[in-house]
Each structure stands twice: as C-alpha cells, then as structure tokens.
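Structure record follows, encoded as structure tokens.
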Amino acid sequence: MRIRPYSLSLLALLATGASAEEQIVKIGHVGPLSGPIAHLGKDNENGARMAIDVLNAKGVTIGGKKVKFQLFAEDDGANPQQATAVAQKLADAKVVGVIGHLNSGTTIPASKIYNDHGIPQISPSSTNPKYTQQGYKGAFRVVANDAQLGGALGRYAANSLKVKNIAIIDDRTAYGQGVADEFAKAAKAAGIRIVGRQYTNDKATDFNAILTAIKGKSPDLVFFGGMDAVGGPMLRQMKQLGVNVKFMGGDGICTEQLPALAGTGMGDDQVVCAEAGGVEENQRKTMENFRADYRKKFGIDVKLYAPYVYDAVMVMADAMQRANSAEPAKYLPELAKSRYQGVTGLIEFDARGDMKTGTLTLYTFRGGKRAQIAVVH
C-alpha cells in the first residue's frame with residue numbers, strides 16, 4: 001500500500017500523541033552544588049525539583065495548553081564569576097524564569113544578566129538589600145532582607161540578652177558583610193557598644209589572630225556574618241582560646257549542620273541566630289507536612305531554604321497561570337501582583353520586589369539540635 005505524502009505528516013503527529021499540544025516551560029535554578037556550602041545548594045535544588053514534580057503531576061494548563069515544566073539546574077559554586085557564567089548559559093537556553101541564586105554575592109551580579117534578557121528572577125535566600133535596590137523590575141525575593149534580619153538580632157541582643165559590648169566578624173562576602181553591617185546599625189541604635197570589628201573570608205579555617213584580638217576587648221557577644229562552614233570551626237577555636245561568650249549570626253549559620261561543624265565548641269544556648277523567614281502557628285502543620293514529604297522523596301531532612309525555593313517556583317507558576325502565558329513580559333506584571341499562600345506563609349511583594357511582611361525566626365541550639373526561640377516580624 002502506497003502512503004500519500006500528507007499521510008506521513010499525519011502519522012508523525014499521531015506518533016507524538018498529546019505531546020504535540022504540550023508546551024515545555026523551562027525554569028532555571030542556580031545554587032552552589034560544589035564547595036563548602038554545597039549541602040545548602042543541594043537543599044535548594046531539591047526544593048525546586050519537588051515543586052516541578054508537583055506541578056507536572058497536577059497537570060497545569062497555561063493559555064489553553066497543557067504544559068510540562070522542566071528544571072535547568074546549574075552550579076555557581078558560590079562564586080560571583082561562575083554565577084554570571086551560568087546566568088548567561090540559562091539566558092541562552094531560553095529559560096522563562098530563574099529561581100536563585102542562594103548567596104547575595106552571586107545573586108546580585110547574576111541579576112544584571114537576567115534583567116538584560118528580561119528574565120524574572122526570584123531568590124529564595126539572598127538577603128542583601130542591594131539586590132532589590134538596583135531597580136530591576138524582574139528581581140524578587142521570598143525572604144526578609146538583611147535590614148530586617150539585622151534589626152531583629154540587634155534588638156534581641158539588647159533587650160533579651162542584655163549585652164553591652166559586642167565584637168563583629170564578617171567574611172567580606174555580600175551576604176556576610178551586609179548582615180553584619182545591618183546588625184551593627186541596629187546594635188548601635190539600641191545602645192550597644194561595638195568594641196571590635198574583624199574580617200575573614202568564606203574559605204578560612206584559622207581564626208586565632210582575630211579571635212585573640214577580640215578576646216582582649218572582653219565582649220559579651222561575638223556576631224559573625226557568614227555561613228555555617230566557617231562559623232562552625234570559628235566556634236571550636238573560640239572555645240580553645242577561652243572566648244566563652246554568646247555567638248550570634250544570621251541564617252547562614254542557622255542550620256542543622258552547625259553543631260557537627262562546631263564539634264564540642266558549641267554550648268547549649270550559646271548560639272543565637274535568625275532565619276530569614278519563619279512559620280507562624282497557623283502555618284506549622286503545612287510546614288510539617290512539607291518536611292515529611294521532602295524526607296519521603298529525598299531520604300534526608302530539609303537543611304534550610306528548600307521550603308522557600310518550593311514556594312518561589314509555585315509563585316512563578318501561579319503568575320504564569322493568571323497571565324495565561326509563560327512569556328516573561330506577559331507574566332511579570334502578574335508576578336509583581338502576587339498574593340500567594342505558600343508553605344512558608346503569605347507571599348506578597350512590595351514595589352521593589354521585597355516581601356511586604358518579612359517574617360524571621362530566632363533560634364538557639366540545645367543538645368546539638370536547633371531549638372526555636374520565637375517568630376518575629
């Protein structure tokens with residue numbers, strides 16, 4: 001039997017089935033999958049994959065067509081140069097939105113590339129205020145910024161811990177310096193005296209010189225702006241040098257990994273940290289369910305930001321559905337108007353792309369486990 005030419009095209013269409021009508025929506029995700037904070041980057045990526053799988057299982061329709069979301073995951077190594085390279089790679093791949101980056105130091109330089117290509121970006125964890133102060137219409141975050149976080153920690157140090165003298169150390173990254181600067185402002189405003197300011201870097205392992213200098217100033221508390229991979233060893237060396245004071249920091253040290261990284265250097269209730277975000281009582285059950293689903297899917301516990309990444313993907317997808325389009329220029333106005341009830345709470349953006357209501361959670365550590373102190377605004 002001779003098959004007519006037009007029949008060939010018909011057979012090809014039939015062979016593809018429903019996929020001929022299926023629209024592929026490419027979402028980028030970037031975080032450090034290599035280097036000392038790769039455990040946090042993988043946690044972020046897992047949150048994105050979980051959201052993508054939920055959306056695809058649900059069967060989302062945009063503009064009358066069923067869509068399949070695809071995740072394009074990249075590693076920025078927490079390095080600004082690598083971050084801009086992968087940002088360009090995602091732009092070339094024609095992703096329609098990006099979730100990331102994890103660090104402020106990678107998010108800020110990468111944001112220019114996304115802005116130049118008209119690609120909306122939601123960071124689930126970058127807290128430096130500069131990110132949303134650049135005037136990019138497509139830049140958003142789903143966590144409180146450093147001004148909010150540093151302010152909360154400064155007030156807690158003054159009002160609850162009653163400290164009078166503090167020393168500050170930061171790792172000179174955009175995140176570490178940013179959160180330390182904001183904490184310093186809040187501490188000064190609360191009448192606390194800053195007796196010393198020292199600097200390290202995000203790959204340092206020896207802190208004897210700066211800790212010895214700090215010890216001579218007799219602070220009541222040491223504030224560290226940086227991540228757990230540096231904060232843990234710093235706590236060990238503080239104990240070795242007899243610097244037995246409170247240790248405070250932002251969400252970078254507020255991880256389940258910190259006790260293992262600190263070893264015997266951490267005492268109960270010694271560390272106070274704030275996580276940018278937080279779940280109030282009415283959201284607790286939702287968060288518990290998310291954590292259980294995450295554990296079931298990946299066989300490990302949530303490290304830190306996975307719920308915020310999950311919500312960021314969902315907010316982006318929701319904006320596309322409301323706009324009836326996955327084209328960035330068409331769904332961006334809807335993204336800016338988001339009012340989305342997520343795992344982490346209500347997500348609404350202000351004119352800059354920051355959270356309208358930045359929730360923070362204060363934690364300490366007891367018996368090697370993280371213990372919540374309070375959820376604050």
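Quick note: numbers below take in every heavy atom, side chains included, and nothing from hydrogens, waters or symmetry partners.
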Keeping to residues at least two apart or across chains, list the salt bridge (charged side-chain N to carboxylate O under 4.0 Å, His left out) pairs with something in residues 37-53.
-> Lys42-Glu45, Glu45-Arg49, Asp53-Lys297

For residues 93-102, the salt bridge (charged side-chain N to carboxylate O under 4.0 Å, His left out) pairs (sequence neighbours left out) are none

Please confirm whether the backbone N or O of [Y] pairs with a side-chain atom of [X], one donor and one acceptor, at under 3.5 Å?
{"X": "Gln82", "Y": "Asp75", "result": "yes"}
{"X": "Arg236", "Y": "Met266", "result": "no"}
{"X": "Ser325", "Y": "Glu327", "result": "yes"}

[atom1]-[atom2] distance between [X] and [Y], expressed to the nearest 0.5 angstrom:
{"X": "Gln121", "Y": "Thr132", "atom1": "CD", "atom2": "OG1", "answer": "11.0 Å"}
{"X": "Tyr199", "Y": "Ile168", "atom1": "OH", "atom2": "CD1", "answer": "9.0 Å"}
{"X": "Ile99", "Y": "Ser123", "atom1": "CD1", "atom2": "OG", "answer": "9.0 Å"}

In terms of hydrophobic clusters joined by side-chain contacts under 4.5 Å, are [X] and [Y] together?
{"X": "Ile37", "Y": "Phe207", "result": "no"}
{"X": "Tyr136", "Y": "Tyr114", "result": "no"}
{"X": "Phe72", "Y": "Val67", "result": "no"}

Stepwise side chain to side chain donor-acceptor pair (under 3.5 Å) check, Asn145 with Tyr131 | CA-CA 9 Å; Asn145 65 31; Tyr131 167 51; over 6 Å; no

Disulfide (SG to SG under 2.5 Å) contacts in which one or both residues fall within [range], not counting sequence neighbours:
{"range": "residues 320-350", "value": "none"}
{"range": "residues 121-192", "value": "none"}
{"range": "residues 217-257", "value": "Cys254-Cys273"}

Any side chain to side chain donor-acceptor pair (under 3.5 Å) pairs touching residues 207-216, not counting sequence neighbours?
-> Asp206-Asn208

Mind jotting down which residue pairs meet the side chain to side chain donor-acceptor pair (under 3.5 Å) criterion with at least one end in residues 179-196? Sequence neighbours excluded, please.
-> Asn165-Arg193, Asp181-Arg197, Glu182-Lys185

Is the closest basic N to carboxylate O distance between Glu74 and Lys89 below 4.0 Å?
-> yes

Looking only at heavy atoms, what is the nearest atom pair of Ala158 and Ala190, with distance?
-> CB-CB, 3.5 Å

Closest heavy-atom pair and its distance - Asn103, Thr107 | O-OG1, 2.6 Å

Quick one about [Y] and [X] (side-chain donor to acceptor, distance below 3.5 Å, no hydrogens or angles considered), yes or no?
{"X": "Asp146", "Y": "Thr127", "answer": "yes"}
{"X": "Arg141", "Y": "Ser126", "answer": "no"}
{"X": "Asp202", "Y": "Thr173", "answer": "no"}
{"X": "Asp170", "Y": "Tyr175", "answer": "no"}

May I have all residue pairs that pass ring-ring contact (aromatic ring centres under 6.0 Å, His included) and include part of residues 138-161, sequence neighbours excluded?
-> Phe140-Phe349

Could you pull out all donor-acceptor pairs under 3.5 Å where a side-chain atom in residues 223-234 meets a protein atom, sequence neighbours excluded?
{"from": "Asp228", "atom 1": "OD2", "to": "His39", "atom 2": "NE2", "distance (Å)": "3.0"}
{"from": "Asp228", "atom 1": "OD2", "to": "Thr255", "atom 2": "OG1", "distance (Å)": "2.7"}

Take the angle between the ring planes of Tyr294 and Phe290 and call it parallel below 30°, perpendicular above 60°, tilted in between.
-> tilted

Among all residues two or more places apart in sequence or in another chain, which pass the salt bridge (charged side-chain N to carboxylate O under 4.0 Å, His left out) test with Arg370?
-> Glu256, Glu275

For Asp318, which residues count as a salt bridge (charged side-chain N to carboxylate O under 4.0 Å, His left out) partner, sequence neighbours excluded?
-> Arg322

Result block: side-chain N/O donor-acceptor pairs under 3.5 angstrom for residues 238-250, not counting sequence neighbours:
{"from": "Lys239", "atom 1": "NZ", "to": "Thr264", "atom 2": "O", "distance (Å)": "2.9"}
{"from": "Lys246", "atom 1": "NZ", "to": "Asp269", "atom 2": "O", "distance (Å)": "2.5"}

Please tell me if the side chains of Glu348 and Leu346 come closer than 4.5 Å, counting only heavy atoms from C-beta onward.
-> yes

Are Ser111 and Gln134 close enough, and set up right, to give a side chain to side chain donor-acceptor pair (under 3.5 Å), and what steps lead you there?
-> CA-CA 9 Å; Ser111 65; Gln134 300 173 100; 3.0 Å; yes

